[in-house]
Amino acid sequence: MNLFETKHETPWEYYTASDVLSSTVTGCLNVVPLSDFYTQYTEQDEIDRNYDERNILYHDVKDSSIVDMFTDRTLIGDIEHTLGVTLALKGVKLTLMSITGPRDVWIHPDSSDKIVSIIIYLGSECMRGKGTWIYADERALHTKLDHIPNTSCMFAPNTNTWHSCPEIAAGSTPRRSLMINYVDIPNRLQMIKDPTLMIPDNVYRL
């Protein structure tokens with residue numbers, strides 16, 4: 001799996017790639033029924049006054065073969081070397097996301113607990129300009145990536161990595177993608193000192 005096919009340096013560093021997953025894996029992810037998805041209102045939604053979260057549906061990926069792909073030591077090493085991050089003792093969360101529309105633009109740099117963000121576009125339809133939108137700052141749109149099935153976008157979030165999901169109109173084709181987030185998690189000592197700390201069920205240790 002090559003997530004580093006093309007490096008983009010402006011307006012900030014991110015990587016795109018094609019033919020990321022096998023047809024078996026994409027087929028498995030594409031057939032998960034929407035009835036198995038859930039809605040979730042997050043703290044970030046509250047901060048950004050994002051009140052249409054019901055138009056985004058989520059599904060936690062628990063297939064061990066897919067989890068194994070993104071906990072693979074070779075891949076982890078490649079990500080660490082390329083992005084200059086440390087993932088030892090961290091976690092990974094894999095989530096299917098379906099935007100059913102209508103959906104407004106929500107420009108954000110990503111939450112501070114995210115170390116690496118990867119999105120792999122799914123479905124069977126190419127949607128021009130409906131991939132990730134990349135911004136130079138909180139307002140200045142720089143690039144609209146296309147939603148091309150089995151292509152990806154990857155970056156290490158920081159305070160400058162402004163981006164958004166695309167604007168989706170009512171009646172549009174649902175936009176399905178796989179979100180992979182490498183995240184900070186509490187270590188065992190921290191959890192012993194503070195019993196309220198925990199690792200969510202949908203986050204896998206690296």
Visitor: Just verifying a value: how many Å separate Leu3 CG and Ile120 CD1, rounded to the nearest 0.5 Å?
Guide: 6.0 Å
Visitor: Taking atom types as modelled, is there a side-chain donor on Asn150 or Thr26 under 3.5 Å from an acceptor on the other?
Guide: no
Visitor: Can you name the nearest heavy-atom pair linking Lys93 to Thr95, along with the distance?
Guide: CE-OG1, 3.5 Å
Visitor: Take atom CG of Asp201 as the centre, draw a 6.0 Å sphere, and report whether it contains more than 12 heavy atoms from other residues, nucleotides or ligands.
Guide: no
Visitor: Check for a donor-acceptor pair, side chain of Asn181 on one end and backbone N or O of Val183 on the other, with a separation under 3.5 Å.
Guide: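 The answer is no, because no donor-acceptor pair under 3.5 Å joins these two groups.
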Visitor: Do the ring centers of Tyr14 and His163 come within less than 6.0 Å of each other?
Guide: no
Visitor: Measuring from atom CG of Leu57 to atom CG of Leu34, what distance do you get when rounded to the nearest 0.5 angstrom?
Guide: 6.0 Å
Visitor: Is the backbone of Leu29 close enough, under 3.5 Å, to the side chain of Arg176 for a donor and an acceptor to pair up by distance?
Guide: yes
Visitor: Would you call Asp146 and Lys130 a salt bridge, using N to O less than 4.0 angstrom?
Guide: no
Visitor: Would the number of heavy atoms belonging to other residues, nucleotides or ligands and lying under 6.0 Å from CD of Gln190 be above 12?
Guide: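 Counting neighbours around CD of Gln190, more than 12 heavy atoms of other residues, nucleotides or ligands fall under 6.0 Å, so yes.
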Visitor: So, the side chain of Asn158 versus the backbone of Thr161: is there a donor-acceptor pair under 3.5 Å, distance only?
Guide: yes
Visitor: Judged by atom type as modelled, is there a donor-acceptor pair below 3.5 Å linking the side chain of Tyr182 to the main-chain atoms of Ile118?
Guide: no
Visitor: One pair to check against side-chain contact (heavy atoms from CB on, under 4.5 Å): His81 and Asp78. What are the steps and the verdict?
Guide: CA-CA 5 Å; His81 175 75; Asp78 289 344; 5.8 Å; no
Visitor: Check whether the side chains of Tyr38 and Asp60 place a donor and an acceptor atom closer than 3.5 Å, and report yes or no.
Guide: yes
Visitor: Quick check: does any side chain N or O of Trp12 sit under 3.5 Å from a backbone N or O of Tyr135, one acting as donor and the other as acceptor?
Guide: yes
Visitor: Under 3.5 Å, is there a donor-acceptor pair between the side chain of His147 and the main chain of Thr132?
Guide: no
Visitor: What heavy-atom pair brings Pro149 and Cys126 nearest, and what distance separates the two atoms?
Guide: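 Residues Pro149 and Cys126, closest heavy atoms: CD-SG, 3.8 Å.
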Visitor: When you measure from the side chain of Asp184 to the backbone of Asp113, do you find a donor-acceptor pair of N or O atoms at a distance under 3.5 Å?
Guide: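 Not at all, since once roles are kept as given, no pair shorter than 3.5 Å links the two residues.
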